[in-house]
**Student:** 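A single structure is presented below for examination.
Reckoned from all heavy atoms, side chains included, excluding hydrogens, waters and symmetry mates.
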Amino acid sequence: MTRVSSIQRVLRPRQIRRTHKVPEQVQGSKTINATRAKNAFGEIMESVRKSVPVFIEKHGKAEAVVLNVSQYRTLVRQARTPDEVHLDGLREDFETLYSSMQDDKSRKAVDSLLSASAEDLNKTAAERARRRG
């Protein structure tokens, strides 16, 4: 008789007694009840590291799913519209520019600009316009 580890008993996919087919996205996943999940979390994490999602049930109903980070990010990416993806790129560009403006030199320049008089601003603008041609 071969010995079955406790995690294999805990994480063994449940026998489906429903008349409908299991959706493809859950094929190959594992199901565990909430009490066992609480006691076997490290082993659940090991399963998730191997890209096997684990569904956690309470009273026979799936309440949560544990995924690895790459699977989660893929799902989030697939749910975004092209406009949202474009906005994400613009947001990243802005964050990069904004963080580059947070050094002392940039802060001093902004403080100087905000405290300058209208006369000083006009004079500086005229000088730069002459330089540019």
Side-chain angles (χ1 to χ4, degrees):
M1 179 172 143
T2 60
R3 183 176 161 96
V4 178
S5 74
S6 64
I7 189 60
Q8 288 172 325
R9 282 192 304 268
V10 170
L11 293 179
R12 183 174 290 136
R14 288 180 44 144
Q15 295 295 324
I16 308 290
R17 293 188 184 112
R18 299 178 194 103
T19 57
H20 64 279
K21 290 173 63 175
V22 177
E24 281 186 39
Q25 58 266 45
V26 239
Q27 295 278 344
S29 64
K30 298 186 181 198
T31 303
I32 186 172
N33 72 37
T35 303
R36 288 187 180 169
K38 188 169 53 170
N39 296 328
F41 190 72
E43 295 165 6
I44 290 170
M45 289 296 295
E46 186 60 34
S47 185
V48 169
R49 278 187 203 103
K50 296 175 183 174
S51 295
V52 177
V54 178
F55 287 80
I56 300 174
E57 290 185 343
K58 189 140 187 163
H59 305 294
K61 181 181 172 189
E63 294 280 329
V65 64
V66 182
L67 302 169
N68 70 29
V69 173
S70 67
Q71 289 172 323
Y72 171 77
R73 288 184 178 143
T74 299
L75 285 173
V76 169
R77 230 183 349 264
Q78 289 172 349
R80 311 224 6 110
T81 66
D83 287 342
E84 290 171 323
V85 171
H86 181 68
L87 274 175
D88 289 342
L90 293 173
R91 187 176 296 112
E92 287 175 19
D93 293 346
F94 172 79
E95 292 295 331
T96 301
L97 180 61
Y98 181 76
S99 65
S100 73
M101 295 168 49
Q102 298 307 306
D103 62 8
D104 286 336
K105 181 180 176 184
S106 296
R107 282 195 191 118
K108 288 177 184 173
V110 169
D111 288 343
S112 174
L113 176 65
L114 294 176
S115 63
S117 67
E119 186 179 312
D120 290 338
L121 291 174
N122 286 335
K123 182 180 173 185
T124 302
E127 289 174 9
R128 294 206 177 184
R130 274 194 296 264
R131 285 188 213 154
R132 289 184 184 159

**Student:** Run the numbers on Asp120 and Lys123 for salt bridge (charged side-chain N to carboxylate O under 4.0 Å, His left out), then give the verdict.
**Tutor:** CA-CA 5 Å; Asp120 290 338; Lys123 182 180 173 185; over 6 Å; no

**Student:** Counting only heavy atoms from other residues, nucleotides and ligands, does the tally under 6.0 Å from CD of Glu119 exceed 12?
**Tutor:** no

**Student:** Do Lys61 and Glu57 have side chains that approach each other closer than 4.5 Å (heavy atoms only, starting at C-beta)?
**Tutor:**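 Lys61 does not reach Glu57 side chain to side chain.
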
**Student:** Compute whether any side-chain donor of one residue and acceptor of the other, for Asp103 and Ser106, lie under 3.5 angstrom apart.
**Tutor:**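 Yes, a side-chain donor-acceptor pair sits under 3.5 Å.
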
**Student:** Less than 3.5 Å apart, any donor N or O on the side chain of Asn68 or Ser70 sitting next to an acceptor on the other?
**Tutor:**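 Their side chains do contain a donor-acceptor pair, which is all the 3.5 Å distance test asks for.
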
**Student:** Measure the shortest side-chain to side-chain distance between Gln71 and Thr74 over non-hydrogen atoms and say whether it is less than 4.5 angstrom.
**Tutor:** no

**Student:** In this structure, are over 12 heavy atoms from other groups packed under 6.0 Å from Arg128 atom CZ?
**Tutor:** no

**Student:** Roughly how far, to the nearest 0.5 Å, is the NE2 atom of His59 from the CG atom of Asn33?
**Tutor:**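 Output value for this atom pair is 10.0 Å.
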
**Student:** For the pair Lys108 and Asp111, find out whether any cationic side-chain nitrogen is under 4.0 Å from an anionic carboxylate oxygen.
**Tutor:** no

**Student:** Taking side chain as C-beta onward, heavy atoms only, is Lys30 less than 4.5 Å from Pro53?
**Tutor:**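 No, their side chains stay 4.5 Å or more apart.
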
**Student:** The test is side chain to side chain contact (heavy atoms under 4.5 Å, CB included); show your working for Arg73 and Val76 and say whether it passes.
**Tutor:** CA-CA 5 Å; Arg73 288 184 178 143; Val76 169; 5.6 Å; no

**Student:** Side chains of Thr31 and Val54: does their closest heavy-atom pair fall under 4.5 Å?
**Tutor:** no

**Student:** Look only at the side chain of Thr124 and the backbone of Leu121, and say whether a donor-acceptor pair between them is shorter than 3.5 Å.
**Tutor:**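 Side chain of Thr124 to backbone of Leu121, a donor-acceptor pair under 3.5 Å: no, none is there.
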
**Student:** Is there a side chain to side chain contact (heavy atoms under 4.5 Å, CB included) between Ile56 and Glu63? Walk through the geometry before answering.
**Tutor:** CA-CA 6 Å; Ile56 300 174; Glu63 294 280 329; 5.7 Å; no

**Student:** Please assess Ile32 against Ile44 for the test side chain to side chain contact (heavy atoms under 4.5 Å, CB included), listing each intermediate value before the final yes or no.
**Tutor:** CA-CA 9 Å; Ile32 186 172; Ile44 290 170; 4.0 Å; yes

**Student:** Got a second to check how far Leu97's CG is from Glu92's CD, nearest 0.5 Å?
**Tutor:** 13.5 Å

**Student:** Looking at Gln102 and Tyr98, would you say the former's side chain and the latter's main chain have a donor-acceptor pair under 3.5 Å?
**Tutor:** yes

**Student:** Rounded to the nearest 0.5 Å, how far apart are OH of Tyr72 and CG of Leu67?
**Tutor:** 9.5 Å

**Student:** Are Leu75 and Val65 connected, step by step, through hydrophobic side chains (Ile, Leu, Val, Met, Phe, Trp, Tyr) whose heavy atoms are closer than 4.5 Å?
**Tutor:**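 Cluster IDs for Leu75 and Val65 match.
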
